[in-house]
Each structure stands twice: as C-alpha cells, then as structure tokens.
Amino acid sequence: MVRSSLKDEIVQITCRVNGKTYQGAAEPRTLLVYFLRDELNLTGTHVGCDTGHCGACTILMDGKTVKSCMLLAVQAQDADITTVEGLAKDNKLHPIQEAFWENHGLQCGYCTPGMLMSSLFLLQRNPDPTEEEIRRGIEGNLCRCTGYVNIVKSVKAAGEKMRESGKASGKISK
Amino acid sequence: MTPKKFDYYAPTSLREAIKILHTKDDAKVLAGGQSLLALMKLRLATPSVLVDITRINDDLSFVKRGKDSLILGSLTPHDVIERNETIKKLFPILADAASKIGDQQIRNRGTVGGSCCHADPAADLPTAMTALDPLFVVRGPKRERSIPCAKFFVDTFTTSVSKDEILTEIRIPLLPRNSGSAYIKHSRREGDFAIVGVGAAVILDSKGVCKDVRISLGAVAPTPIRAKSSEKYLKGKKLNESAIGEAAEKANEEADPPSDMHGSREYRLAMIKVFTRRTLNLAVSRAK
Ligand SMILES: Cc1cc2nc3c(=O)[nH]c(=O)nc-3n(C[C@H](O)[C@H](O)[C@H](O)COP(=O)(O)OP(=O)(O)OC[C@H]3O[C@@H](n4cnc5c(N)ncnc54)[C@H](O)[C@@H]3O)c2cc1C
Ligand code: FES
Ligand code: FES
C-alpha cells in the first residue's frame, strides 16, 4: 500500500517519543525538528543551523543518531524516537547528564542536547572509548563555548559511570 | 528553512515506487535525504513529488558476497559500509571512504546508492567506486539494466539513471589474490568535502609486479575520473618507491580541477600527486 500526502494536506503523524505515543499534525514538508518542537512541544531538541552541520538537533531514531533537521516529520511515522527529554528518569539525571554537569561539559548549553544524544549513541556502542574515539563520535556536534576539552572529559566520565552501573548493556544493533 | 511544497509518497514495494516515478512529473527519489533535503531546504531543488524508498519491503539494504562479486544494496548506510567485516576484508577502500563521510549522524542516515546517484564529484564513495569498476543495477518500469561504472557518472550531479529508474544494487567484481585497495581523502577539516580524494586498487603477481591497477580521482573534474597515464605506467612494473613516485607525478595529467574556496586549481593539481603516492603506498601495503 502507498501512504501518500498531497502538498496542502495536513498529515496526522503517530510515533513513540521517549516511550510515550504521540500524535501530531504536519505538512509533508515540515522538518522533523519543528514537528518535535512546535507540535509536540519537546523544545529540548535545538535548531542551530538548519543545514545539517551543527548537530544541535540530534535525536535517536530507531536506535541511531540522526539530525532531525535533515528528516521530514512524515518520515517519523511509527518511529521510535528518543530526545534529550527522555534521558532523565524519575527526577534523576542520566549518568551522561551528571557527568557533563560535574565536568563543566557545557557553558551556554545550546549544543548540549545534541552532544548528550551523540554521547549516548557512542557509549552504547563503545562503552570505554579512547579520547580519539570520543572526538570522532562527537564530530557532528559543534560547540561554540567549551573548546571541547571538558566535553571529552565528560564523555569519558560518563562512560565510567555507565560501566559501573551496568547501564551500557542496552546495546544498539548494527 | 523549509522546502517548497511537494506531494509525499511512501510506497511499500519497488514496483509501486517505480510506477509513481513513471507517472508523475517532476518526481524524485528520497533515500537517506542527506543531500536531497539539504538542496530542497536551500530551494536549489524543488521537486513536486517525493518518493520515499526507505519504507519499501524489498530488501535494498544488504552486503552480500556473491561468487565473483560483492553486492551492496543501494540503501546500505555509510555506517554499515564503514564497519562491515566483509567489506573491511575484501574492499578496505570502501570502508576508508565511508568512514570519512560527514559525521556519525550523516553516516547513520546517508546511503551508498544515494551518494552515487547524487554524483557530487567531491563525494567519497563515487570516487572509491570508480577504482573498483562496478556495475550499477537499476530497475525501471519495463526492465532491469546494468550500467558499467564508466557510463554511470555523466556530469556534475548527473548520472545515466533515468527519472523513472531506481538504483537497486551495486555489483563490485572481487579482486584476485595479491591485491590491495585504499582511499585517502584530503580535506582541511574533518567532515568537510574532499579537496582531493584518491582511490586505488592494485593487483600484483607473486613477485610484487603490478598486473593491473586502477587509480581514481575525486573533486578534480566534473565526475570522478581515472588517472590513466599513471595506471599505464605502473602495469608490468615492480611497485617500489621509485615506480610509485613516478606514477604519482603523472597522476594529474587527466585532471581538470576547479578553483574554489577549498583550494585553487594549482593546489589541487599538486595535491593529486601527493595523495596518489600515499594512496598507492597504502594499497600496496595491504596487498596479500
Ligand atoms: C553535513 C553533511 C556532510 C556531508 N559530508 C559528506 C562528505 O564528507 N562526503 C560525502 O561523500 N558526502 C557527504 N555528505 C553527503 C552524504 O554522503 C549523503 O548521504 C549522500 O550524498 C546522499 O545519500 P542519501 O542516501 O542521503 O541520498 P538522498 O539525499 O536521499 O538522495 C540524493 C540524490 O540521489 C537520488 N537517489 C537516491 N537514492 C536513489 C536510488 N536508489 N535510485 C535513484 N536515485 C536515487 C535522489 O533522488 C537525489 O537526487 C554530507 C551531507 C551532509 C548533510
Ligand atoms: S540544526 Fe540540524 S544540524 Fe544544525
Ligand atoms: S556550550 Fe555553548 S555551544 Fe556548546
């Protein structure tokens, strides 16, 4: 069967975000990041460039990091999405968030949601990355404040925390 | 930035997808979207119909070892090409190229077929492919056909795939024993497009003499090209430092590079030599 939506149609999109089922409306041309922010009111995901370069809009879709400004909202139909809002559980920060806090991994915080999602993807795949692997893992996330040194430190520390608490077990498939 | 309005179709079979492409005017295939959506947001592309092929049930994302070729499904993501063990073993040149594309998020979403159909002369996988001389298998409304690599890339952003055809797989002939392959990208910053990209596949005999070699250059002409004078020079020679150095000196003879903000024509002509030497050395070191 062909799912189709014509130019001026408003489409209803259903997807799971942070474990909850959401429904919202979008035009076929609406970018996923604006659907998340403006329609689902999940404003933790930021827009830095809108051209696919900065990584502030990074989310996990079906287990993999993507830049949500480089996808259409209609492509998220039935998808399983994690945004930065899904990291903390029961009022407790995720170990990656704690590590960024403790190691001054952020200044203005604009890049942070994307940085956290890329760090999560990296650590799920590679629980004990070297400095080089960390730098490569966050290559698609630009930060104008920190100079990256403390971000790298934070990811390293987050890896340690996650290994200790055995959280790195939820492996991402290839 | 928002793209111009378009009709969106998400067919679940190849047949349906081809039918829509065939019957609708101004329709375009949407694969990973990592080039097409960028162009649409800038309004450099304004298709009136998008056919999203990522929902079709026919399997287009795979790496298969056939009897005499390695077959890649067109929707295989860059990230899989970079990490797949069979590719790393048989064609490290492809893993080299995929690993240098953009960043992790782009590699998760972008596809090998999309990169080849987009045909940016500075893109990494098209250049690497050009050193491997594969067949591009495309399906249209009436039939399937195989396009040889030399006929696939026609001009900048232009291939010989027609508007109602979909690239389904890429068949790469296996290299014999004693062969090695490599790709090296030269860019100022990680994640940038190549200023010069060089691919090489060398086939040696048991004494280390070059039986056959293909050298491909990216970002130095409207399509990826082969450095034919260097290839000719190397055939039948022992691939030692002096032969490789001499071949590298000839590598820019067929190139006609542009000058742009990433590098002048002169700079690119000089870098072709440097990176041809390095890539040949790496390919030879991998030959076994
Ligand atoms: C920030 C950023 C950095 C990047 N850096 C690099 C880089 O360093 N090196 C590099 O090589 N690339 C780079 N890219 C481009 C990236 O590799 C894209 O993934 C690739 O060029 C296109 O693949 P896609 O699957 O996303 O295709 P799409 O964007 O979906 O499609 C591209 C074109 O091909 C056509 N098409 C796609 N699939 C098919 C098919 N199966 N049959 C027929 N037509 C098809 C589409 O209609 C469209 O015209 C970058 C992109 C971004 C956003
Ligand atoms: S807003 Fe998506 S990459 Fe910058
Ligand atoms: S903390 Fe300000 S952009 Fe990274």
Which pair of non-hydrogen atoms, one from R29(A) and one from R43(B), has the smallest distance, and what is that distance? NH1-NH2, 3.8 Å

Measure Q75(A) against the heavy atoms of chain B and call it side chain, backbone, both or neither at under 4.5 Å. both

Is K67(A) salt-bridged to D103(B), going by a charged N under 4.0 Å from an acidic O? yes

Using a 4.5 angstrom heavy-atom cutoff, name the option from E9(A), M61(A), M117(A), Q77(A) with the most pairs to chain B. Q77(A)

Short side-chain to backbone donor-acceptor contact, D7(B) and K7(A), under 3.5 Å: yes

Under 3.5 Å, side chain of K41(B) to main-chain N/O of D50(A), donor-acceptor pair present? yes

Whatever's closer than 4.5 Å to a heavy atom in chain A on R107(B) counts as side chain

What part of I56(B) gets within 4.5 angstrom of chain A, counting heavy atoms only: side chain, backbone, both, or neither? neither

Region of T58(A) that comes under 4.5 Å of a non-hydrogen atom in chain B: side chain

Contact winner vs chain A - A38(B), A17(B), S48(B), P3(B), heavy-atom pairs under 4.5 Å: P3(B)

So with a 6.0 Å cut-off around NZ of K185(B), is the heavy-atom count from everything else above 12? yes

Which atom pairs, donor and acceptor, lie under 3.5 Å between side-chain atoms of residues 35-45 of chain A and protein residues at least two apart or in another chain?
from: R37(A); atom 1: NH1; to: T43(A); atom 2: O; distance (Å): 3.1
from: R37(A); atom 1: NH1; to: T45(A); atom 2: O; distance (Å): 2.9
from: E39(A); atom 1: OE2; to: A25(A); atom 2: N; distance (Å): 2.9

D78(A) side chain reached by R55(B) side chain, heavy atoms, under 4.5 Å: yes

If the contact rule is any heavy atom under 4.5 Å from chain A, which residues of residues 20-28 of chain B qualify, in numerical order? I20(B)

Calculate, to the nearest 0.5 Å, the distance between atoms CD and CG belonging to Q104(B) and L122(A) respectively. 8.0 Å

Most contacts with chain B, counted as non-hydrogen pairs under 4.5 angstrom, among V66(A), V74(A), T30(A): V74(A)

Contact origin within L50(B) toward chain A - heavy atom pairs under 4.5 Å: side chain

Kindly determine whether L6(A) and Y8(B) satisfy side-chain contact (heavy atoms from CB on, under 4.5 Å), including the steps that lead there. CA-CA 6 Å; L6(A) 303 184; Y8(B) 171 83; over 6 Å; no

Which atoms of L71(A) are under 4.5 Å from chain B, going by heavy atoms: the side chain, the backbone, both sets, or neither? both

Which bit of L72(A) comes within less than 4.5 Å of chain B, counting heavy atoms only: side chain, backbone, both or neither? both

Please check if atom CD in E132(A) has more than 12 non-hydrogen atoms from other residues, nucleotides or ligands closer than 6.0 Å. no

Test side-chain contact (heavy atoms from CB on, under 4.5 Å) on L31(A) and T2(B) and set out the steps. CA-CA 7 Å; L31(A) 301 175; T2(B) 309; 5.7 Å; no

Value for CZ (R136(A)) from CD (E190(B)), rounded to nearest 0.5 Å, stands at 8.0 Å

Do M1(B) and C69(A) have side chains that approach each other closer than 4.5 Å (heavy atoms only, starting at C-beta)? no

Under a 4.0 Å threshold between the charged nitrogen and the carboxylate oxygen, would K4(B) count as salt-bridged to E27(A)? no

One pair to check against side-chain contact (heavy atoms from CB on, under 4.5 Å): R3(A) and Y9(B). What are the steps and the verdict? CA-CA 6 Å; R3(A) 185 161 57 89; Y9(B) 290 88; over 6 Å; no

About how many Å separate CD of Q105(B) and SG of C57(A), when rounded to the nearest 0.5 Å? 8.0 Å

Q34(B) side chain to M70(A) backbone, donor-acceptor under 3.5 Å: yes

